[in-house]
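A short write-up of the structure that comes next.
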Amino acid sequence: MRRVRFHTYGGPEVLRVEEAEPPVAGPGELLVRTEAIGVTLPCVRRTHGDGNGGGNGGGDPLPAVPGGEIAGTVVAVGPEVTGFAVGDRVTSLTFKGSYAELALAPAFLADRIPDDASAVEAVALVRSGQVALAALSTAAPRDGESVLITGAASATGHLAVQLAKLQGVPRVVAAVSSAAKAEFLYGLGADEVVTYDQDSWGEPADIVLDGVGGELLPRALAAVTEGGRLIFFNSGGGTVPAYELLAGSKTVTGLTMRRFATVHRERYEQHRAQLWELAGAGRLRAAVHAELPLEEAAKAHEIIEARANLGKVVLRP
């Protein structure tokens with residue numbers, strides 16, 4: 001099979017397509033012939049040796065195959081797996097090893113793809129939608145509360161904008177790197193669009209969903225109103241100014257999908273059903289910025305690193 005692997009840390013140029021033996025499904029795993037592979041910012045950052053996104057090194061052990069999500073057809077079922085069979089079309093979080101024609105997926109994170117949905121639609125919707133819903137449910141907006149979303153044009157961010165409006169949030173602010181993304185976001189229901197370089201992001205928001213982190217984190221926290229809360233779900237790390245928390249009675253909550261899916265199984269399952277229902281009814285649109293062949297994984301990473309995407313970037317084996 002073909003796969004993409006990197007042997008040294010660095011930018012998109014370190015990605016190489018190579019031939020390899022297919023993996024074998026172990027306990028609790030599905031072997032999936034991939035039809036669509038999601039490219040995420042955490043995957044891109046790990047190729048730089050930044051395993052936790054915080055600039056501390058500690059990336060994936062080398063050599064490594066990047067990845068975080070797939071959609072395709074089950075070709076083998078490992079021991080201790082129930083509820084799935086060879087031939088099932090599924091999408092799943094994978095966290096690693098997905099830039100390949102055949103990839104392993106934890107069965108407990110897998111989800112069947114509806115007959116009327118494509119693999120690309122599935123990979124664009126499920127993982128990013130799960131992150132967006134997990135962030136919103138963790139924030140638990142109350143009546144009248146406002147929400148600001150950083151990385152709002154990203155695969156997760158643009159779904160979070162739509163989902164916040166569907167949940168009745170009266171003011172959704174989309175924060176992005178470029179004003180060129182404003183039309184896209186207003187079309188999805190954003191009430192305001194601000195760029196990172198603006199002196200002010202307008203009136204503070206009750207809730208900030210931060211999908212960027214890094215140097216932007218202090219700005220994101222400053223955009224939280226007194227007594228408000230920030231949900232930190234990005235891989236960019238960053239430093240929280242403690243005095244800002246104290247002086248503004250603000251709270252910061254970290255969110256990782258691996259833990260959320262493991263600890264909050266019932267909510268994770270509810271979110272799955274909700275995403276498919278909203279998409280099937282045409283109320284939620286998962287935008288796909290680009291579909292590229294596996295051999296162009298480096299180009300996919302370039303798009304993500306440049307923050308040029310409006311929605312999802314997908315690799316096709």
Side-chain angles (χ1 to χ4, degrees), residues 41-42 45 53-55 128 131-256 260 304 307-311:
L41 184 57
R45 283 173 165 156
S128 298
V131 175
L133 277 178
L136 282 166
S137 68
T138 300
R142 296 183 285 270
D143 288 347
E145 287 193 321
S146 55
V147 174
L148 183 147
I149 301 163
T150 67
S154 68
T156 297
H158 86 287
L159 294 177
V161 168
Q162 296 174 73
L163 290 164
K165 294 306 295 183
L166 287 169
Q167 291 183 11
V169 174
R171 174 178 173 246
V172 175
V173 183
V176 290
S177 59
S178 167
K181 300 177 180 180
E183 182 179 356
F184 171 70
L185 290 160
Y186 282 128
L188 296 177
D191 299 291
E192 302 171 28
V193 177
V194 299
T195 58
Y196 303 144
D197 59 358
Q198 289 179 212
D199 292 335
S200 171
W201 290 356
E203 291 296 318
D206 299 290
I207 296 165
V208 170
L209 307 182
D210 182 25
V212 178
E215 295 180 357
L216 198 69
L217 180 56
R219 290 289 310 273
L221 187 58
V224 178
T225 192
E226 185 174 329
R229 49 213 185 273
L230 182 148
I231 309 302
F232 183 84
F233 63 89
N234 67 79
S235 62
T239 301
V240 174
Y243 182 75
E244 183 81 18
L245 300 178
L246 178 64
S249 297
K250 303 175 183 182
T251 60
V252 176
T253 302
L255 170 70
T256 66
F260 185 90
I304 298 294
R307 306 293 196 273
N309 56 305
L310 302 177

Listing request: all side-chain hydrogen bond (donor to acceptor under 3.5 Å, both in side chains) pairs with a residue in residues 149-162, at least two apart in sequence or in separate chains.
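Non-adjacent pairs meeting side-chain hydrogen bond (donor to acceptor under 3.5 Å, both in side chains): Thr150-Asp210.
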Rounded to the nearest 0.5 Å, what separation is found between the [atom1] atom of [X] and the [atom2] atom of [Y]?
X	Y	atom1	atom2	answer
Leu185	Leu310	CG	CG	7.5 Å
Phe184	Asn309	CZ	CG	9.0 Å
Thr253	Ile231	OG1	CD1	4.5 Å
Leu216	Leu221	CG	CG	11.0 Å

Looking at every heavy atom in both Val176 and Ala153, which two are closest together, and how far apart are they?
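Residues Val176 and Ala153, closest heavy atoms: CG1-N, 3.9 Å.
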For Ala152 and Ile149, which heavy atoms make the closest approach, and how far apart are they?
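Smallest heavy-atom distance, with atoms named: CB-O, 3.5 Å.
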Salt bridge (charged side-chain N to carboxylate O under 4.0 Å, His left out) with Glu192: which residues, sequence neighbours excluded?
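For Glu192, the residues satisfying salt bridge (charged side-chain N to carboxylate O under 4.0 Å, His left out) (neighbours in sequence not counted) are Arg171.
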List the residues meeting salt bridge (charged side-chain N to carboxylate O under 4.0 Å, His left out) with Asp191, not counting sequence neighbours, and say none if there are none.
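Checked Asp191 against salt bridge (charged side-chain N to carboxylate O under 4.0 Å, His left out); matches are Lys165.
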Identify, with sequence neighbours excluded, every residue that meets side chain to side chain contact (heavy atoms under 4.5 Å, CB included) alongside Pro42.
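Once residues adjacent in sequence are excluded, the partners of Pro42 under the side chain to side chain contact (heavy atoms under 4.5 Å, CB included) criterion are Thr40, Arg46, Arg127, Ser235.
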Residues which pass side chain to side chain contact (heavy atoms under 4.5 Å, CB included) with Ala134, listed by chain and number, not counting sequence neighbours:
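Only Leu255, Met257, Phe260 meet the side chain to side chain contact (heavy atoms under 4.5 Å, CB included) criterion with Ala134.
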Lys181 side chain near Val193 side chain, heavy-atom distance below 4.5 Å:
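Answer no - side chains too far apart.
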Is there a side-chain contact between Leu41 and Arg307, using heavy atoms and a 4.5 Å cut-off?
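The answer is yes; the side chains approach within 4.5 Å.
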Please confirm whether the backbone N or O of [Y] pairs with a side-chain atom of [X], one donor and one acceptor, at under 3.5 Å?
X	Y	value
Gln167	Val169	no
Ser146	Asp206	yes
Glu145	Arg142	yes
Trp201	Val194	no
Arg229	Val208	no

When you look at CG of Asp197, are more than 12 heavy atoms from neighbouring residues, nucleotides or ligands closer to it than 6.0 Å?
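Count over threshold, so yes.
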Hey, is CD on Glu203 packed in by over 12 heavy atoms from elsewhere, all under 6.0 Å?
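Incorrect, the count does not exceed 12.
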As a quick check of understanding, evaluate side chain to side chain contact (heavy atoms under 4.5 Å, CB included) for Phe232 and Leu217, giving each step before the final call.
CA-CA 9 Å; Phe232 183 84; Leu217 180 56; 3.8 Å; yes
For a quick test of your reading: what N or O donor-acceptor pairs under 3.5 Å do the side chains of residues 236-249 make, sequence neighbours left out?
from, atom 1, to, atom 2, distance (Å)
Glu244, OE2, Lys250, NZ, 2.6

Name the residue from Val147, Leu148, Val161, Leu230 that meets the side-chain contact (heavy atoms from CB on, under 4.5 Å) definition with Leu209.
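Checked Val147, Leu148, Val161, Leu230 against Leu209; only one passes side-chain contact (heavy atoms from CB on, under 4.5 Å): Val147.
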